[in-house]
Amino acid sequence: MHDIRFIRANPEAFDAALARRGIEPRSRILLDLDAARREAVRVAESNQAHRNELSRDIGIALKAGDRDKVADLKAMVARIADAASMNLPDFRTKELEAALAFDPNILDPDVPEGRDETANVVLNQHGTPATIANARQHFELGEALGLMDFEAATRLSGSRFVVLKGALARLERALGQWMLNTQTGANGYTEVAPPYLVNAATAFGTGQLPKFEEDLFKTGDKYLIPTAEVPLTNLVAQQIIPEPTEPLRFTALTPCFRSEAGSAGRDTRGMLRQHQFQKVEMVSITRPEDSAAEHERMTACAEAILTELGLTWRRMLLCAGDTGFGAAKTYDLEVWLPGQQAWREISSCSNCHDFQARRMNARFKRGKDSIFVHTLNGSGVAVGRALIAVMETHQQPDGSISIPEPLRPFMGGIEKISST
RNA sequence: GGACAGGUGGCGGAGUGGUCGAUCGCGUCGGUCUCGAAAACCGAAGUAGGUGCAAGCCUACCGUGGGUUCGAAUCCCACCCUGUCCGCCA
């Protein structure tokens, strides 16, 4: 959410910022709405002031028993204004806020120009893409092992779900546990067990609403979280917190629910794109001057996970056209999938600056000023996709999967998953 | 789900139609006093919006949204939340 005062003062800069994302100029429309709103406020408030004054006089005249004067004053009040003009400011304000709610964040100067993912920039790479003879994809491996059942999931729920069994089910749990332990341990994040259903205000705060409602599952008046970013970031919503000289760091292992509207036909095989998956999420709340450094730190926390799992990965800086609605700057981590012979996103770490903080009114006090916090979020990392990457990367010629060292304590000590 | 009770400024707690943005206490900040501190005393202090170069002025805000009224923290309606009891339940 943008500060209308910023747009008022810098309309060209605002439009230029939108243009980087390929969006038509908006300042004219917004400023017209703003002007209409302020005019309505001016009129209504002066009417209000006048009425308040007359009402006070009525009270005084009433005490004095001057019935004629009371009648005169009441007649004057009746002439001031109709209800419509008194309600106009509210209407105009909502109009402006509704318009503002659809405008994406302003990009950080570091973000490269570009329309789509082809313009993303590789910043660094760990390992080299392996070519495995007769490499199989994760679903081929999983089904051959008899531990991954898409047909059962379809019967139970429909497309884009999976049933994991035995050692693969445990491997998923092991990944989640180990990642969460890593983030809460050396990386200093506070573990949170948040609700998986949130209200509309919460979904608005992080930017899922109003623009992306169709991407969410809804039950009753609540939304299923598409990521733990939503409840974790909103922990500071509507709050004035003490100045966070050290960033607040939250992490959670949660299921994530995504309707995948608009993804029909994409990644339909396997468990790459599901309606439900597990993810360890990291969220940081910082002062404005600390967010850039925190962004690097957070991304490094995610990278370390991939490295320790023995995966090949690279860090991408997303270009203007590929950076998400609420983000000012985003690093994607892509992991190499030997079975699929492709790089696939496994983590996304974003600095949202004060964009979400404005939407959810999250501030800290410094002297007499209340300052909007900066919010950051990153996957640390997506468990479902990590499972895929581990399977494809550590597959053996016989179709078994060797388990990365750090996960073995969580797997009852076994070193590989095989059908025998 | 049902029945009561209640939601007021950082906290506690008054206020049931007329200068109430709101008595008072605690806490906070500034000052006086003191070698220094405590105590005591004096004073300051909410948020948002509009307007103005500024000092300032104006408007709104007593859970949320409507309504009644010239005027609502106070009356009416709906909803949300909290507490207690009952029912149900992992």
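Lettering follows sequence order; numbering is per chain, from 1.
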Next on the checklist: Can you work out whether A/Arg56 or A/Arg37 has the more 5'-proximal nearest nucleotide on RNA chain B?
Outcome noted: A/Arg56

Item to check | Identified pairing partner of B/rU59, criterion: Watson-Crick or G-U wobble below 3.5 Å | outcome: B/rA48

Checklist entry - Which is the 5'-most and which the 3'-most nucleotide of RNA chain B that has an atom under 4.0 Å from a heavy atom of chain A? => result B/rG18 to B/rG71

Item to check | Euclidean distance for P, B/rC4 against B/rA40 (whole angstrom) | outcome: 47 Å

Next on the checklist: Taking only the C1' atom of each, what is the distance from B/rC61 to B/rC20 in whole angstrom?
Outcome noted: 13 Å

Next on the checklist: Between the side chains of A/Arg37 and A/Asp34, is the shortest nitrogen-to-carboxylate-oxygen separation below 4.0 Å, so that they form an ion pair?
Outcome noted: yes

Item to check | Who pairs with B/rC33 - Watson-Crick or G-U, where each distance is under 3.5 Å | outcome: none

Checklist entry - Hey, does A/Arg8 reach any base, or is it just sugar-phosphate, or nothing, if we go heavy atoms under 4.0 Å? => result sugar-phosphate

Next on the checklist: So which atom in A/Ser259 and which in A/His275 form the shortest heavy-atom distance, rounded to 0.1 Å?
Outcome noted: O-CE1, 2.9 Å

Next on the checklist: Can you confirm whether the side chains of A/Thr202 and A/Asn199 place a donor and an acceptor under 3.5 Å from each other?
Outcome noted: yes

Checklist entry - Which part of the nucleic acid does A/Asp57 contact within heavy-atom distance under 4.0 Å: base, sugar-phosphate only, or nothing? => result nothing

Item to check | Distance, P atom - from B/rA72 to B/rG18, rounded to whole angstrom | outcome: 12 Å

Next on the checklist: So A/Leu54, base contact, sugar-phosphate only, or nothing? Heavy-atom distance under 4.0 Å.
Outcome noted: nothing

Item to check | A/Phe410 six-ring face occupied by A/Arg173 cation (under 6.0 Å, within 45°) | outcome: no

Next on the checklist: Does the structure show a Watson-Crick or G-U wobble partner for B/rG1, both distances under 3.5 Å? Name it, or say none.
Outcome noted: B/rC86

Checklist entry - Quantified in whole Å, what is the P atom distance between nucleotide B/rG15 and nucleotide B/rC88? => result 40 Å

Item to check | Modelled atom types, side-chain donor and acceptor of A/Ser348 and A/Asp332, under 3.5 Å | outcome: yes

Next on the checklist: Using Watson-Crick or G-U wobble geometry with both distances under 3.5 Å, which nucleotide pairs with B/rA73?
Outcome noted: none

Checklist outcome for this item: B/rU64 -> Watson-Crick or G-U wobble partner, both distances under 3.5 Å, gives B/rA78

Item to check | Worked check of side chain to side chain donor-acceptor pair (under 3.5 Å) between A/Gln356 and A/Glu229 | outcome: CA-CA 11 Å; A/Gln356 294 179 322; A/Glu229 168 201 345; 2.8 Å; yes

Checklist entry - Under 4.0 angstrom, heavy atoms only, what part of the nucleic acid is A/Lys365 near: base, sugar-phosphate, or nothing? => result sugar-phosphate

Checklist entry - Given that A/Leu62 and A/Arg363 both sit by RNA chain B, which one's nearest nucleotide is further toward the 5' end? => result A/Leu62

Item to check | Atom P, compared across B/rC24 and B/rA78: separation rounded to whole Å | outcome: 37 Å

Item to check | P-based separation of B/rG65 from B/rG9 [nearest Å] | outcome: 16 Å

Next on the checklist: Let's test this: given Watson-Crick or G-U wobble pairing with both distances under 3.5 Å, identify the partner of B/rC24.
Outcome noted: B/rG12

Item to check | Pairwise C1' distance for B/rU69 and B/rC77, with rounding to whole Å | outcome: 16 Å

Checklist entry - With a 3.5 Å cut-off and no angle check, do the side chains of A/Trp336 and A/Thr393 form a donor-acceptor pair? => result no

Checklist entry - Using atom C1' of each nucleotide, how far apart are B/rG63 and B/rG6 to the nearest Å? => result 11 Å

Next on the checklist: Side chains of A/Ser284 and A/Glu294: any donor to acceptor distance under 3.5 Å?
Outcome noted: yes

Item to check | G-U wobble or Watson-Crick pairing nucleotide for B/rC53 (cut-off 3.5 Å, both distances) | outcome: none

Checklist entry - Hey, does A/Arg5 reach any base, or is it just sugar-phosphate, or nothing, if we go heavy atoms under 4.0 Å? => result sugar-phosphate

